[in-house]
2 protein chains.
Amino acid sequence: MPKISERQRRILEFIQGFFEERGYPPSIRDIQHGCSISSTSVVDYNLDILEREGYIRRDREVSRGLELKSLAARGQMEVPVIGHIAAGEPIPVPLADAWDIAASAETIAVPRDLTRGRQEVYALKVKGLSMIDALIDDGDIVLMQPTSMVENGEMAAVWLKSEKEATLKRVYAEPGRIRLQPANSLMQPIYADPANVEIQGKVIAVVRQLG
Amino acid sequence: MPKISERQRRILEFIQGFFEERGYPPSIRDIQHGCSISSTSVVDYNLDILEREGYIRRDREVSRGLELKSLAARGQMEVPVIGHIAAGEPIPVPLADAWDIAASAETIAVPRDLTRGRQEVYALKVKGLSMIDALIDDGDIVLMQPTSMVENGEMAAVWLKSEKEATLKRVYAEPGRIRLQPANSLMQPIYADPANVEIQGKVIAVVRQLG
DNA sequence: CATCTAAACGAACAGATGTTCTATGATATG
DNA sequence: CATATCATAGAACATCTGTTCGTTTAGATG
């Protein structure tokens, strides 16, 4: 991850905020005043570094000739794909640096609508046919929110410890047991001992690309 | 739909192209030269109309103070939701003005990745549980490409005429019959007379929002 | 035809804008 | 400590930029 100074980070945030609000980039003097810098040449100096490190692109001698490289500026979110989910495999969970987009091996662009404004969203690719009861097919992408608790009726990535099995199901807490309800409501629920159930994220969306 | 003149439409396209390429809007003189207009005041005059009609937002006396209102400028596509698909109902097909976004009752934002650069994409909301064999749930959104022909193995919205039934299945042409294969490969295919099968669009993606 | 409105043109202006340069201050290193 | 590099400041400059105004042209209408 390219290292930038605190001031450069603040300048970048200012640019992003300005762009999201106005739909066009700030001028050098907008940045100067917005970041309490006393000279346009400091802005210029730091913009050159942000460009060198890949955060922006500059067109020289063009008013507001700044382009933000991130998708965030475009109402989209770049979600890291951190691995696969399959029945007999442990469920990948995001590390602290999962949202360090520049370092992600793979990301997908997702409209903000789909993530409902959440910031920490990650994606898993489904492998195999074992999530069919969740109406999720091989190759589907599930968007996940990291959590170890869900409300009743929410769909979660569940790790069943003794079976060593991952599954996606709607979770309902009942007295003394957990009911795991397939999304396919024509199928039967399973009941599990709460001690055997580990919730490893909430499913917030599913995306399937067919062609 | 707000009516704009040919010149205004060309200016708008120029702005969109410039913005997608550079990440910032054109100046008045960029537009002037890009659209072969001989005076900046003509640009100004036409920009005011584009603003009045809702295509752009202008900040006065600000260089490049133009904001495009459309999602297209942000790497996303605004897809019209033209209706519901349910088993016993005719499948909505897009009318010629379906892609007139300003007139659509409902649209969803979709990243360009998901539509693979296609321009004419529409969405249908799934109603009921009858598309379960396609691994598609009540409430899911299917993105469709208008077509009456698909390649073998592609998923299509199929209208079965004598049954008066809509279904989403992979379509395979076989000698003398059409095989309709559920996406859920654990389920059996059905075979239909080609004369009974009407293909009313190709499924290109499925989006499910859970929470 | 005359009249009115919309659209286009051209010139000029004030100020916004990015760049450049020199000098100073801060930090890191041997 | 001395030296080198990084970061900041301030001033000045050329030109880009949007706006304004008066005029002309185009199109529609009675």
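Every chain is numbered from 1 and lettered A, B, ... according to where its sequence line falls, protein lines coming before strand lines. Note that the structure is a prediction, hence the values are computed from the model and not measured. Note that these values count all heavy atoms, side chains included, but never hydrogens, waters or copies made by symmetry.
Taking atom CD of A/E6 as the reference point, atom P of C/dT27 lies 15 Å away to the nearest angstrom. Rounded to whole Å, atom P of D/dT5 lies 15 Å from atom CZ of A/R52. Rounded to whole angstrom, the span from the NE2 atom of A/H33 across to the C1' atom of D/dG10 amounts to 13 Å.
Scored by the salt bridge (charged side-chain N to carboxylate O under 4.0 Å, His left out) test, A/E106 finds A/K125 as partners (sequence neighbours excluded). Take A/E20 and apply the salt bridge (charged side-chain N to carboxylate O under 4.0 Å, His left out) test, not counting sequence neighbours, and it matches A/R112. Residues passing the salt bridge (charged side-chain N to carboxylate O under 4.0 Å, His left out) test with B/R9, sequence neighbours excluded: B/E6, B/E13. Here B/F14 pairs with B/F18 under the ring pair (Phe, Tyr, Trp, His ring centres under 6.0 Å) rule; sequence neighbours left out. Shown here are the salt bridge (charged side-chain N to carboxylate O under 4.0 Å, His left out) partners of B/R57, two or more places apart in sequence or in another chain: B/D59, B/E67. In this structure, the side chain to side chain donor-acceptor pair (under 3.5 Å) partners of A/S27, at least two apart in sequence or on a different chain, are A/D30.
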Inset, instruction - Carefully, step by step, assess A/V207 and A/L114 under the rule side-chain contact (heavy atoms from CB on, under 4.5 Å). - result: CA-CA 10 Å; A/V207 179; A/L114 211 50; 4.1 Å; yes
In a table with atom names and distances, give each donor-acceptor pair under 3.5 Å that connects a side chain of residues 34-42 of chain B to protein atoms at least two apart or in another chain.
residue	atom	partner	partner atom	Å
B/S39	OG	B/S41	N	3.1
B/S39	OG	B/S41	OG	2.9

What pairs of donor and acceptor atoms, side-chain ones from residues 192-199 of chain B against any protein atom, are under 3.5 angstrom apart with sequence neighbours left out?
residue	atom	partner	partner atom	Å
B/D193	OD1	B/A195	N	2.9
B/N196	OD1	B/K161	N	3.1
B/N196	OD1	B/S162	N	2.8
B/N196	OD1	B/S162	OG	3.1
B/N196	ND2	B/S162	OG	3.2
B/N196	ND2	B/E163	OE1	2.9
B/E198	OE2	B/Q200	NE2	2.6

Exercise answer: donor-acceptor pairs, residues 130-143 of chain B side-chain atoms, under 3.5 Å, sequence neighbours excluded:
residue	atom	partner	partner atom	Å
B/S130	OG	B/A87	N	3.4
B/D133	OD2	B/K169	NZ	2.6
B/D138	OD1	B/G128	N	2.8
B/D140	OD1	B/R208	NE	2.9
B/D140	OD2	B/D137	N	2.8
B/D140	OD2	B/R208	NE	3.1
B/D140	OD2	B/R208	NH2	3.0

Pull out every protein N or O sitting under 3.5 Å from an N or O of nucleotides 16-20 of chain D, one pair per line with the distance.
residue	atom	partner	partner atom	Å
D/dT17	OP1	A/S63	OG	3.0
D/dT17	OP1	B/R64	NH2	2.7
D/dG18	OP1	B/R64	N	2.8
D/dG18	OP2	B/I28	N	2.7
D/dG18	O3'	B/E61	N	3.2
D/dG18	N7	B/R29	NH1	2.9
D/dG18	O6	B/R29	NH2	2.8
D/dT19	OP1	B/E61	N	2.7
D/dT19	OP2	B/R58	NH2	3.1
D/dT19	O4	B/T40	OG1	2.9

Distances for protein N/O vs nucleotides 5-7 of chain C N/O pairs under 3.5 angstrom?
residue	atom	partner	partner atom	Å
C/dA7	OP2	B/Y45	OH	2.4
C/dA7	O5'	B/Y45	OH	3.1

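The stretch residues 14-23 of chain B has no heavy atom under 4.0 Å from DNA chain D, so no residue of it qualifies as close.
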